[in-house]
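Atoms within a ligand are numbered from 1 in the order they appear, just like the ligands themselves. The model shown is predicted, which means the values in this text are computed figures rather than measured ones. Along the sequence shown, residues are numbered consecutively beginning with 1.
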Amino acid sequence: MVVTLKILFLITVSIIQYGQSTDLRIDPLVESNVGLIRGLRASDGDYSMFLGIPFAKVNESNPFGNSSPYGRFEEIYEAYDDSLMLCPQYESSKILGNINCLYLNVYVPNTASSQNRLPVMVWIHGGGFKTGTGKITETGPKFLVKQDIILVSINYRLGPYGFMCLDIPEVPGNQGLKDQLLALRWVKDNIEAFGGDVNKITVFGQSAGAISIDLHLLSVHDNIFNKIILQSGTSLAATVLEAPDKQAPIKIAEFLGFQTESIQEALNFLTGTDPNLVIAASNSLHMLFKPCVETAFDDVEPFILKPWINAKVTRVKGMPILLGFNNKERWFEYVNKDSDYFDNLNVIHDKLVQTFNFNSTKLTEMEDIIHHFYLGDNKIAIEFRDEIGDFDSDYTYIHPVQRSIRKYIESSAENIFYYMFSYGGERNWQKVKQNEVKFQDGAFHADELGYLFDVAFLTENNLEDLFIVEQMTTMWANFAKYSDPTPTVTELLPAKWTPLTKDKWYYLNIDSQLSVRSRPLHERMAFWDLFYETNKVEQKGYE
Ligand SMILES: *[C@@H]1O[C@H](CO)[C@@H](O)[C@H](O)[C@H]1NC(C)=O
Ligand SMILES: *[C@@H]1O[C@H](CO)[C@@H](O)[C@H](O)[C@H]1NC(C)=O
């Protein structure tokens, strides 16, 4: 029986290759280690898609706790639909998703086979650990699979379901990161059956996705991937350094009308409550749930047990890394605000408090120095929103990326390819989302996503933008194939992207013209180098 089906798979693959001309349509069937999975042929390219493969189960009696591997399929699993691939979240003023959301998608070019194994790229989406999805509508594969790589995109629980951190064995913390771990293990165990090369797994992610990947390297687990691409985020990003709220379940339960002093009672109540209400309540309470340092318990698999701020990332030894940032990361927060907003803005103070333990005298002193650096003697006001945007970009993402680069160099990473994405076109993800597409040049946070993926809401396809898509996907896939984004100089990629060295921080400026330069934003970065050198022990989570 199994033998017959294996043969059926081979026949299927060859039929797919001739499918266009013969008009034969047999769906691809793959015999994986967890059973048979049937997918669909794509209509927008020469590839197959396996949508909504379940890789883990959320515990019904404790949806806030660790999930477990999904296990085997008893019958052929029909991977035709990823509509359940959306974890509970509050997004664009709506509450979306369902708690049974741990699925992944696999996209396989028709060229993949057991004789021609292709490199694998696994995408971990961003969204601040509270929103986002790996669904095809956000990560449409047609540009990347053209590059002869297998693309996988995964889901993980978000917000209170993914990141409550309570120092109890039932909810130890980092549940969402453990979901990712189960997904990565699933890929490692099964991707060969799809024609993937298990020795060439590149994990890539943006923002919270990139932060997650860096945290996998700092976790107690072995590496399950060979290379990484970190877009606008590392474990030092200022957004992940706040201490978790250990009383969160009590507060959410109370908001929903259930009074208790007991964490356990509150959790029991929330387990029986519609996830939509739990998400709505956490949102109304402005609660944030992030990766955290866990307490160890017997029989509970931990993820991270030690603070990571100054921990060495020893597991990057020998690992090729591609990483970078967008030149106007946080500007999107300020571009469409009115002048009243700026009158009440205390952003330097607020950001410092998030990540430093300064006493009030020191806090004021540091705030003043930073203020003078970015704004001189000007007050915070709408006229200076660009300067404020620069401060926020540097503090939240750009300088953290540079501090991480230093760590990777110290731990002898292999080649590090550094980029600054500065292109402003009509597929800039954030700008289109915020209706700011005409706004100046440069790139906001997440803007590069439109040049890697076929995103449903990005409908513009002008030639200049598609040229950037071609460049980005070729470089990203080259990195997955050869550990070098520009192995040869071509008409498409006329600049040789040199890896950085300890003394020369080369980077590729990705704009209408590709150019290799060194030390991006060096004056601003030198300011922060000094700032952190002086104040490092006062960082939250420094040991
Ligand atoms: C599910 O959660 C319940 C309650 O915390 C626990 O007793 C049980 O062991 C969990 N099951 C699994 C498979 O983890
Ligand atoms: C505030 O902290 C600084 C060191 O960070 C210390 O020198 C100073 O004495 C502290 N001031 C007060 C009032 O505690």
Enquirer: Which residues satisfy the side chain to side chain contact (heavy atoms under 4.5 Å, CB included) test with Pro69, sequence neighbours excluded?
Expert: Leu182
Enquirer: Mind checking the CD1-CD1 spacing from Ile416 to Ile409? Nearest 0.5 Å is all I need.
Expert: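 If I round to the nearest 0.5 Å, the distance is 5.0 Å.
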Enquirer: Please write down residue, atom name and distance for the protein heavy atom closest to atom 13 (C) of ligand 2.
Expert: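 Result for atom 13 (C) of ligand 2: Thr361 OG1, 4.0 Å.
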Enquirer: Regarding His216 and Gln180, is there a side-chain donor-to-acceptor distance under 3.5 Å anywhere?
Expert: yes
Enquirer: Looking only at side-chain N and O atoms, does Tyr408 offer a donor or acceptor that is under 3.5 Å from a partner on Asp214?
Expert: yes
Enquirer: Between Asn359 and ligand 2, is there a nitrogen or oxygen pair with a distance under 3.5 Å?
Expert: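 Min N/O separation from ligand 2 is below 3.5 Å for Asn359.
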Enquirer: Is the NZ or CZ atom of Lys57 positioned over Tyr70's six-membered ring, under 6.0 angstrom from the centre and within 45° of the axis?
Expert: yes
Enquirer: Among all the protein's non-hydrogen atoms, which is closest to atom 4 (C) of ligand 1, and how far away is it?
Expert: Asn62 CB, 4.1 Å
Enquirer: Quick one: nearest non-hydrogen protein atom to atom 2 (O) of ligand 1, plus distance?
Expert: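 It is Asn59 ND2, 2.3 Å.
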Enquirer: For atom 7 (O) of ligand 2, is some protein heavy-atom partner under 4.0 Å away?
Expert: no
Enquirer: Give the residue, atom name and distance (to 0.1 Å) of the protein heavy atom nearest atom 5 (O) of ligand 2.
Expert: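 Answer, as residue, atom name and distance: Glu538 OE2, 2.8 Å.
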Enquirer: Report, in ascending order of atom number, the atoms of ligand 2 lying under 4.0 Å from any heavy atom of Lys362.
Expert: 5 (O)
Enquirer: Indicate whether any N or O donor in one side chain lies under 3.5 Å from an N or O acceptor in the other, for Ser207 and His445.
Expert: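 There is such a pair (donor and acceptor under 3.5 Å, judged by atom type) between the side chains of Ser207 and His445.
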Enquirer: With the threshold set strictly below 4.0 angstrom, can you tell me whether any protein non-hydrogen atom sits that near atom 11 (N) of ligand 1?
Expert: yes
